[in-house]
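What follows is a short report on a single structure.
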Amino acid sequence: MTTMLEVAKRAGVSKATVSRVLSGNGYVGQETKDRVFKAIEESGYRPNLLARNLAAKRTQTLGLVVTNTLYHGVYFSELLFHAARMTEEKGRQLILADGKHSADEEREAIQYLLDMRCDAIIIYPRFLSVDEMDEIVEKQVQPIMVLNRRLRKNSSHCVWSDHKASCQDAVSQLIEMGHRDIAFITGSLDSPTGIERLSGYREALAQHGIPLRDELLVEGKWTPESGAAGVATLLARKETFTALVASNDDMAIGALKQLHNSGIASPGEVSVIGFDDVSIAPYTVPSLSSVRIPVTEMIKETISRLIFMLDGGEFTSQQAFPGELILRDSVAAKAHV
């Protein structure tokens, strides 16, 4: 590889002059600039972009930490697509770091992005506690935004959706349509989102005076297979239920398939609601009712806040994005017998 010193010798100038031409710092005459750029073109020299950006105090990169358990599924694809597109629109590159399987590994991923000198970082946490994230936000010079979790001390540094309230609303809608025996397939219960949605289910039942039946609860793992297995478990228990809520659409789609394979009509015998409103939801048979979580809007707000902070701005307000229940063919009022 050609070095800066070789470029300098070819152009007949010092290495420091080549550095000034590339950085734009300090005066260099036009004739000298022309010789340096000609030498760069002829030699095929590629400047060290990271070193150049470090000298300029900016790398034009945004970091994103996401645990790899989110990689499987439509939700993460949508999140990453919009994050990359919006970062590009802001003239920056997105660097992804894997939070893997623990809080320690999430911390290591954050440190990796800090070591890469990312201008700002987005954390989509699964294992780190709210207190730990508040501490990270306060300790670092780089602006940091937390996605999908509500911080206590640094509320302007988080963008979140109230999963508990969204689930409570969805279950309440089923109750208002006459359903009282409502099954629930949870997400992974080491996931804050999974815990919040389960809490919303419990709250809705309590609000309407309906006893919680543990036999109508099944733990899922966010996958279609676990949704199908959840329905198989419920049917094996021989429990009666006329509606089912799954903590994401992948599980809801698996549940619909298992109901069909078991000869149970949806929504005629069992209404089904999922979460995330993935792009395939309107095209399942029956079309899937789902709680839409505004991922695009959340990512846009997160990146806009980071850019604003990089430009010296400060936020004092927090931003929450409510979920919206989209009713489709998989839900119907409970038939009166």
Side-chain angles (χ1 to χ4, degrees), residues 66-81 98-102 124 126-127 148 163 166-167 170-171 174 181-201 213-293 295 323 326 328-331:
V66 184
T67 175
N68 64 24
T69 53
L70 273 179
Y71 294 178
H72 306 290
V74 178
Y75 178 84
F76 175 74
S77 299
E78 184 179 353
L79 183 152
L80 186 56
F81 169 78
D98 186 359
K100 298 191 175 76
H101 313 290
S102 68
Y124 193 116
R126 177 166 181 178
F127 303 104
N148 205 39
H163 298 287
S166 296
C167 191
V171 175
L174 290 170
D181 301 311
I182 303 171
F184 190 78
I185 302 177
T186 76
S188 300
L189 293 181
D190 60 355
S191 155
T193 298
I195 292 168
E196 286 182 25
R197 290 177 181 170
L198 173 58
S199 179
Y201 166 75
R213 294 164 55 193
D214 287 337
E215 56 271 20
L216 290 183
L217 281 172
V218 181
E219 184 176 352
K221 296 295 181 185
W222 303 118
T223 64
E225 294 83 1
S226 69
V231 168
T233 298
L234 290 166
L235 296 177
R237 292 174 182 171
K238 302 191 183 304
E239 293 296 330
T240 301
F241 59 99
T242 64
L244 180 147
V245 177
S247 281
N248 75 346
D249 286 345
D250 280 1
M251 292 191 298
I253 290 169
L256 282 174
K257 175 66 172 174
Q258 187 62 43
L259 288 169
H260 173 76
N261 289 349
S262 303
I264 298 170
S266 179
E269 295 175 81
V270 176
S271 291
V272 176
I273 293 178
F275 270 83
D276 299 333
D277 194 33
V278 298
S279 59
I280 199 175
Y283 302 102
T284 60
V285 180
S287 57
L288 178 63
S289 299
S290 182
V291 178
R292 178 179 178 267
I293 304 299
V295 177
I326 310 295
R328 297 191 180 95
D329 295 342
S330 67
V331 167

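Just so you know, these numbers come straight off a predicted model, no measurement behind them.
Among residue pairs with one or both ends in residues 234-243, those qualifying as side-chain hydrogen bond (donor to acceptor under 3.5 Å, both in side chains) are H179-T242, R213-E239; sequence neighbours excluded.
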Pair F241, V270 - check side-chain contact (heavy atoms from CB on, under 4.5 Å), show working. CA-CA 7 Å; F241 59 99; V270 176; 3.9 Å; yes
side-chain contact (heavy atoms from CB on, under 4.5 Å) between H163 and N148, intermediate numbers included: CA-CA 9 Å; H163 298 287; N148 205 39; 2.8 Å; yes
Let me see the working for L79 and Y124 under side-chain contact (heavy atoms from CB on, under 4.5 Å), right down to the final yes or no. CA-CA 10 Å; L79 183 152; Y124 193 116; 3.3 Å; yes
Step-by-step side-chain contact (heavy atoms from CB on, under 4.5 Å) determination, T193 to R126: CA-CA 9 Å; T193 298; R126 177 166 181 178; over 6 Å; no
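Across G230 and V218, no two heavy atoms sit closer than the pair CA-CG1, 3.6 Å. Nearest heavy atom pair, residue S266 against residue S330, reads OG-O, 3.8 Å. In this structure, C167 and G200 approach most closely via the heavy-atom pair CB-CA, 4.2 Å. E219 and G187 get closest at one heavy-atom pair: CG-O, 4.0 Å. Across I293 and R197, no two heavy atoms sit closer than the pair CG1-NH2, 3.8 Å. Nearest heavy-atom pair, K221 versus S226, reported as atom, atom and distance to 0.1 Å: N-OG, 3.0 Å.
Distance CG/L244 to CD1/I185: 4.5 Å, rounded to 0.5 Å. For the atom pair OG of S191 and CH2 of W222, the computed distance is 4.5 Å after rounding to the nearest 0.5 Å. If you take CG on D181 and CD on E215, they are separated by 10.0 Å, rounding to the nearest 0.5 Å. If you take CG on D276 and CG on D250, they are separated by 8.0 Å, rounding to the nearest 0.5 Å. The structure places CD1 of I273 at 6.0 Å from OG of S289, a figure rounded to the nearest 0.5 Å. To the nearest 0.5 angstrom, L217 atom CG is 11.5 Å from I182 atom CD1.
The 12-atom threshold is exceeded at CD1 of I264, counting heavy atoms of other residues, nucleotides or ligands nearer than 6.0 Å.
Under 3.5 Å, the side chains of S287 and D329 contain a donor-acceptor pair of N or O atoms.
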Can I get a per-line list of side-chain donor-acceptor pairs under 3.5 Å for residues 252-263, giving both atom names and the distance, sequence neighbours left out?
from : atom 1 : to   : atom 2 : distance (Å)
Q258 : NE2    : S262 : OG     : 3.4
S262 : OG     : Q258 : O      : 2.8

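Using a distance-only test at 3.5 Å, with no hydrogens or angles considered, a donor-acceptor pair links the side chain of T233 to the main chain of A229.
Taking 4.5 Å as the limit, some side-chain heavy atom of L174 sits within range of a side-chain heavy atom of V331.
A side chain to side chain donor-acceptor pair (under 3.5 Å) with S290 is found for exactly one of D277, N248, D249, namely D249.
For S102, the side-chain hydrogen bond (donor to acceptor under 3.5 Å, both in side chains) criterion is met by E105, not counting sequence neighbours.
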